[in-house]
Amino acid sequence: MGKIEPGQFSRLLTVGEVAARSGVAVSALHFYEARGLIESQRSRGNQRRYAREVLRRVAIIKVAQRVGIPLAEVQEALQSLPQGRPLTAADWKMLSARWKDDLDTRIRRLQGLRDQFNGCIGCGCLSMDSCPLRNPWDRLSSEGAGPRLLDPDD
Ligand code: FES
């Protein structure tokens, strides 16, 4: 949080104004601030005031959350950008391209799970040996340690 320069006060927004304009609850804004995702300045009366640029930042956070990006990743991404200037359309272009790749990966993973799940419907075995959802990555571990498929004499 920084100090407000003289004459700057009228250009700043209260937390209620940010909430109204962004559609995000005041409590969520406080939470974002506590996590370092947004920052405020203090008025003479020690009230939070936000630069207008915070609205773009909040919009980016909300869109990222909507597509399932964890807040910790949003925070890391925002911190990787140059500080001390408003976020730009170019920033959003870069972040959205990065998060689209994450979204595509999660969609592929979910499609794979759905396909495996289809095989379980009506089965009910829940077997550690044959059910891909019970033991998706370690099906051969019951046969012993090591690379079981690489040595045919093993
Ligand atoms: S429950 Fe039988 S294969 Fe998953």
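Quantities reported herein were computed from a predicted structural model and do not represent experimental measurements. In listed order, ligands and their atoms are each counted from 1.
- With R134 contributing its side chain and S127 its backbone, the two residues share no donor-acceptor pair below 3.5 Å.
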From CA spacing to verdict: side chain to side chain contact (heavy atoms under 4.5 Å, CB included), V74, R35: CA-CA 10 Å; V74 177; R35 297 283 301 267; over 6 Å; no
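- Pairs of residues two or more places apart, or lying in two chains, that qualify as salt bridge (charged side-chain N to carboxylate O under 4.0 Å, His left out) and include a residue from residues 82-96 are R85-D91.
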Show every donor-acceptor pair shorter than 3.5 Å between a side-chain atom in residues 55-64 and any protein atom, with sequence neighbours excluded, or say none if there are none.
residue	atom	partner	partner atom	Å
R56	NE	L87	O	3.3
R57	NH1	L37	O	3.1

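- Among residue pairs with one or both ends in residues 106-125, none qualify as salt bridge (charged side-chain N to carboxylate O under 4.0 Å, His left out); sequence neighbours excluded.
- Around atom 2 (Fe) of ligand 1, the protein N, O or S atoms closer than 2.8 Å are C123 SG, C125 SG, listed by chain and residue number.
- For Q83 (side chain) and L78 (main-chain N/O), a donor-acceptor pair under 3.5 Å exists by modelled atom type.
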